[in-house]
Amino acid sequence: MPELPEVETIKRDLEKAVLGKKITEVCVHNPKVIREPAVAGFKRGLQGARIKNILRRAKLLILELSNGKSLTIHLKMTGQLVYPGGAKNSRVAFHLSGGKILDFNDQRLFAELRLLDDWHSLKFIQRLGPEPAELDLAQFKVMLSKKKTAIKPLLLDQTFISGIGNLYAAEILFQAKINPLRRANELTNKEKELLFLAINDILKAAILHAGSSVDDYVRVSGGKGGYVKYHKVYDRQGKPCLVCKTMIKRISQGGRGTYFCPKCQR
DNA sequence: AATGGGACCTGCGCGC
DNA sequence: TGCGCGCAGGTCCCAT
């Protein structure tokens with residue numbers, strides 16, 4: 001479930017842990033997670049390269065290498081990067097200069113690793129909407145007014161705005177006091193502003209606390225993110241709203257769980 | 001254009 | 001106790 005705050009945390013952790021190190025050997029324990037090129041080419045392209053730069057776009061991690069290629073990692077739901085690693089159940093083990101191992105773990109094998117000549121040309125990258133931190137209020141208002149869809153699934157649409165997932169969509173809408181079923185173009189001017197503020201506030205706070213350790217998310221050190229204790233609605237169905245004590249409701253939108261307070265969010 | 005569903009996976013929690 | 005089932009969600013893909 002890593003979303004923008006979790007992936008940003010991992011990016012910052014990686015910068016401290018492995019930036020500048022050389023990849024001396026790559027052991028692929030499960031080739032399923034390597035999407036391109038084939039395993040042999042993947043290993044050949046990585047071995048001997050140095051990790052020159054680490055970036056994040058939406059929920060995608062990008063490791064730019066000294067040989068001009070880039071390793072992109074999408075953790076999807078259960079992907080983890082752990083350093084120093086060496087776990088038996090890792091899917092890919094990156095041996096680094098200094099003798100330690102960067103483990104890529106992924107229980108459910110949804111994650112996607114790619115070694116690319118140019119990550120900018122990745123279709124996923126080209127279709128991404130703006131990063132929340134680069135979003136401008138006036139522009140955001142226009143974007144919302146063009147969409148008739150329900151606001152909650154719209155926040156999950158990476159081509160609309162990038163980086164928000166199911167957990168933070170719920171927390172953002174709670175802070176903005178907006179019902180997840182509301183149509184984007186029918187939000188009032190004031191609500192659009194509140195939403196804009198909530199996106200920035202919630203994501204910033206979550207990054208400050210190193211993300212939310214629900215399910216499998218851990219930091220590169222193996223430690224947990226501390227934002228779970230600030231969750232107001234996510235996974236709290238049946239429990240009292242922390243503001244008004246009304247029972248938090250869970251509904252399904254687009255096949256995904258939506259959590260909200262029916263009284264606070266109108 | 002918008003919406004819904006299935007696919008990809010596996011561990012967990014639930015009901016019986 | 002044990003089994004089988006549904007569920008969790010990021011993204012893509014297809015159908016309507």
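Values in this document were obtained by computation on a predicted structure and should not be read as measured data. Chain identifiers are assigned alphabetically (A, B, ...) following the order of the sequence lines, protein sequences preceding nucleic acid strands; residue numbering begins at 1 within each chain.
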Asker: Could you check A:Glu6, A:His231, A:Glu3 and say which one makes a side-chain hydrogen bond (donor to acceptor under 3.5 Å, both in side chains) with A:Tyr168?
Answerer: A:Glu6
Asker: Which listed nucleotide (C:dG10, C:dC7, B:dA2) is nearest to the side chain of A:Thr149?
Answerer: B:dA2
Asker: Using a cut-off of strictly less than 4.0 Å, decide whether A:His74 has a side-chain nitrogen or oxygen near OP1 or OP2 of C:dG10.
Answerer: no
Asker: Identify, between A:Gln107 and A:Arg256, the residue whose nearest nucleotide on DNA chain B lies closer to the 5' end.
Answerer: A:Arg256
Asker: Whole angstroms only, please: what is the CG-C1' distance between A:Leu156 and B:dG5?
Answerer: 16 Å
Asker: Look at the side chain of A:Tyr234 and decide which nucleotide, out of B:dT3, C:dA8, C:dT11, has an atom nearest to it.
Answerer: C:dA8
Asker: From the options C:dA8, B:dC8, C:dT11, select the nucleotide whose nearest atom is closest to the side chain of A:Phe110.
Answerer: B:dC8
Asker: So what's the dot-bracket for DNA chain C: Watson-Crick or G-U pairs under 3.5 Å, [ ] if a pair crosses, | if it pairs off-strand?
Answerer: .|||||||.|||||||
Asker: What's the closest nucleotide to the side chain of A:Met77 if the choices are B:dT3, C:dC13, C:dG10?
Answerer: C:dG10
Asker: Output yes when a side-chain donor or acceptor of A:Asp106 lies under 3.5 Å from a complementary backbone atom of A:Ala111, and no otherwise.
Answerer: yes
Asker: For the residue pair A:Tyr227 and A:His209, does the interplanar ring angle fall in the parallel (under 30°), tilted (30 to 60°) or perpendicular (over 60°) class?
Answerer: tilted
Asker: Contact class for A:Glu112 (heavy atom, under 4.0 Å): base, sugar-phosphate, or nothing?
Answerer: nothing
Asker: Any heavy-atom pair between the side chains of A:Leu137 and A:Lys192 that's under 4.5 Å?
Answerer: no
Asker: Counting side-chain heavy atoms from C-beta on, which of C:dT11, B:dT3, B:dA2 comes nearest to A:Gln158?
Answerer: C:dT11
Asker: Whether the A:Asn166 and A:Lys152 side chains hold a donor-acceptor pair (N or O, under 3.5 Å, no angle test) is what I'd like checked.
Answerer: yes
Asker: Counting side-chain heavy atoms from C-beta on, which of C:dC13, C:dT11, B:dT3 comes nearest to A:Phe124?
Answerer: C:dT11
Asker: Using the P atom in both, what is the distance from C:dG6 to B:dG5, to the nearest Å?
Answerer: 16 Å
Asker: C:dT11 phosphate, OP1 or OP2: any side-chain N/O from A:Lys59 under 4.0 angstrom?
Answerer: yes
Asker: In whole angstrom, give the distance that lies between atom CZ of A:Arg114 and atom C1' of C:dG10.
Answerer: 13 Å
Asker: Can you tell me how far P of C:dA8 sits from CG of A:Leu167, to the nearest Å?
Answerer: 14 Å
Asker: Does the side chain of A:Lys147 get closer than 4.0 angstrom to OP1 or OP2 of B:dA2 through an N or O atom?
Answerer: yes
Asker: Does any non-hydrogen side-chain atom of A:Asp117 lie less than 4.5 Å from one of A:Lys69?
Answerer: yes
Asker: Is the shortest side-chain heavy-atom distance between A:Ile164 and A:Asp157 below 4.5 Å?
Answerer: no
Asker: To the nearest Å, give me how far apart OH (A:Tyr217) and P (C:dG10) are.
Answerer: 15 Å
Asker: Rounded off to whole Å, could you give me the CZ-to-P distance for the A:Arg35 and C:dG10 pair?
Answerer: 16 Å
Asker: When the distance from CD of A:Glu36 to P of C:dC12 is rounded to whole Å, what number comes out?
Answerer: 13 Å
Asker: How long is the line joining CD of A:Gln253 and C1' of B:dT3, in whole Å?
Answerer: 12 Å
Asker: Among C:dC13, B:dT3, C:dT11, which is the nearest nucleotide to the side chain of A:Lys76?
Answerer: C:dT11
Asker: Below 30° counts as parallel, above 60° as perpendicular, anything between as tilted: where do the rings of A:Tyr259 and A:Tyr234 land?
Answerer: perpendicular
Asker: Using whole Å, report how far CG of A:Asp157 lies from C1' of B:dA2.
Answerer: 11 Å
